[in-house]
Amino acid sequence: MLEVELAACLRKIPAINQVLTYPGMAELAEKYGRERLLQEIQRHLAELRQAIIAAGPLVAGDKVDLSFAGICVAVREALAKADQARLRPVFNATGVVLHTNLGRAPLAPEALAAIEAVAGGYCNLELNLNTGKRGRRYDHVRELLQILTGADDALVVNNNAAAVLLILTVLAREHQVIVSRGELVEIGGAFRIPDVMALSGAQLVEVGTTNKTRLADYAAAIGENTRLLMKVHPSNFRIVGFTAAVAREELVSLARQRGLLVVEDLGSGVLYEQSGSGDFWGEPSVQSVVRAGIDLVTFSGDKLLGGPQSGIIVGRRDLIAQLAGHPLNRALRVDKLTLAALEATLQLYRHPQQVVSHIPTLSFLLQPAGRIEARAREVAQILTETHPAWQIQVQPGMSQVGGGALPEVELPSWCVVVRPPQGGAHALAERLRTGEVPVLGRVVTDALWLDLRTIPPPKLAEFTRLVVMAMAPG
Ligand SMILES: *Cc1c(COP(=O)(O)O)cnc(C)c1O
């Protein structure tokens, strides 16, 4: 008996041709193409069929919408959804300023303008406008990098991992490279110094121990086939306690005596020094590393520098020339969008009074906590007004630099803490994450923590609206 009823129920599903005659379908066929529309209708009808079978004939009528309007809306929404961009802007309220999963450094307005200026048309990417002859794409940022870092020359590749791979491949293939055991780091996303070394064809020679490496350890390991001494900045961890590492100057002088090169993978690449201190919260600046005499220094463009993804190499001219001329450099090269954004970002560093306020990464890191608190209070007040039954608090929290930089630095910040009345902080976090503009926060036990450090004032109203909407789901 049930089978008969089920069959009767399934027969109520309209045929594709019937659906095609519904009002609005011609318009959809025009917009998305007839083929795609047919596929979508077919998919939706198959779904309805499965839903009826799953619900059973007795309740299917209540649960499955077979109306014209229901089918039209579902098909229209599915088509629109498929056309939505997969890569979308999100709000980062996690408290991690350089979040690799969220695209690391947001670009300065000047960098965006530079991309826009060259992206839609032609540009002098590899043309020297003075001579009318072929130029090099790196020339657009070379002089700026020379001025800002004090290095003789510069090259830019896809990212810092690429920069390290290029150097090891070109300068140390089939030769030995000496690295301290305390610096055999893994950076997120499968960048491990020993693996990159193997890929390049260079032979890793480990010296010292995890916590202590001395100059004598390097000296004793140097052999006939040694080409490079390499220093790797322990970006994302710190070894504390009974430790020793060799100063750059000492390593440089040992290398000079023995006719070797010294290379440093600096990771973050700080250009902004706090009051000429040579560092930024203890992170050595690129300038200070160049001054110490390191032959080649590599760093990321999208970490503390606050620019686009790129790997920047600065150092000795003859070595940079070798790197630039190698076929691997061709495979790792950067495009015009990156160069435009990088040039504009580097230009900002030539205006020390303005650099912090213009580069989002720096302004997020260096803003006074009082300003973050003021924004948190503003948001909390609106949430309290719209949702009197919810527990909304403003609480101090700790933000992190992120991006594998300054792991031990905790930045005092302010958060809006939202506690749904009947639990469900995870459900709230999910609604925020899957909303029209996703908002990412942190769930701690039964509350959602939203760190306001990386929500800039012009975006505050939209951010608040999204949280209000997610608190009261449609
Ligand atoms: C981040 C980092 C890398 C990788 O840089 P990408 O630009 O992400 O490729 C390599 N080495 C160190 C020390 C780093 O901190």
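As the structure lists them, so they are numbered: ligands from 1, and atoms in each ligand from 1. Heads up: numbering here begins at 1 and tracks the sequence.
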Q. Where the side chain of Gln287 meets the backbone of Leu271, is there a donor-acceptor pair that is under 3.5 Å apart?
A. yes

(Q) I need the minimum non-hydrogen distance between Val416 and Ala376, along with the two atoms involved. (A) CG2-O, 3.4 Å

Q.
What I'd like to find out is whether the side chain of Leu296 reaches to under 4.5 Å of the side chain of Leu171, using heavy atoms alone.
A. yes

Q: Check Gln309 against ligand 1 and report side chain, backbone, both or neither, counting heavy atoms closer than 4.0 Å.
A: neither

Q: Write out the residue and atom name of the closest protein heavy atom to atom 10 (C) of ligand 1, then the distance separating them to 0.1 Å.
A: Asn160 ND2, 3.2 Å

Q: Apply side chain to side chain donor-acceptor pair (under 3.5 Å) to Arg173 and Thr169, showing your working.
A: CA-CA 5 Å; Arg173 190 178 192 83; Thr169 305; 4.9 Å; no

Q | Residues Glu126, Arg136; criterion salt bridge (Lys or Arg N to Asp or Glu O under 4.0 Å); working and verdict | A | CA-CA 5 Å; Glu126 291 192 346; Arg136 295 189 322 168; over 6 Å; no

Q | ligand 1-proximal atoms of Arg104, by part, heavy-atom distance under 4.0 Å | A | side chain

**Q.** Residue and atom name of the nearest protein heavy atom (relative to atom 1 (C) of ligand 1), distance in Å to one decimal
**A.** Lys303 NZ, 1.3 Å

Q) Counting from 1, what ligand 1 atoms have a heavy atom of Phe191 closer than 4.0 Å? A) 10 (C), 11 (N)

Q. Is any NZ, NE, NH1 or NH2 atom of the basic residue among Asp153 and Arg142 found under 4.0 Å from an Asp or Glu carboxylate oxygen of the other?
A. yes

Q) Going by the atom numbers of ligand 1, which of them fall below 4.0 Å from some non-hydrogen atom of Ser300? A) 5 (O), 6 (P), 7 (O)

**Q.** Ligand-side contact atoms (ligand 1) for residue partner Ala161, heavy atom cut-off under 4.0 Å
**A.** 5 (O), 6 (P), 9 (O)

Q: Answer with yes or no whether Glu183 contacts ligand 1, where contact means a heavy atom under 4.0 Å from a ligand atom.
A: no

Q | side chain to side chain donor-acceptor pair (under 3.5 Å) between His358 and Glu110, intermediate numbers included | A | CA-CA 8 Å; His358 285 240; Glu110 289 81 355; 2.4 Å; yes

Q | For His233, the ligand 1 atoms whose distance to one of its heavy atoms is below 4.0 Å | A | 13 (C)

Q.
Starting from atom 13 (C) of ligand 1, what is the nearest protein heavy atom, named by residue and atom, and what distance separates them?
A. Ser235 OG, 3.2 Å

Q) So is Asp265 close enough to ligand 1, meaning a heavy atom under 4.0 angstrom away? A) yes

Q. Can Glu40 and Arg36 be said to form a salt bridge (Lys or Arg N to Asp or Glu O under 4.0 Å), step by step?
A. CA-CA 6 Å; Glu40 192 48 53; Arg36 217 178 130 194; over 6 Å; no

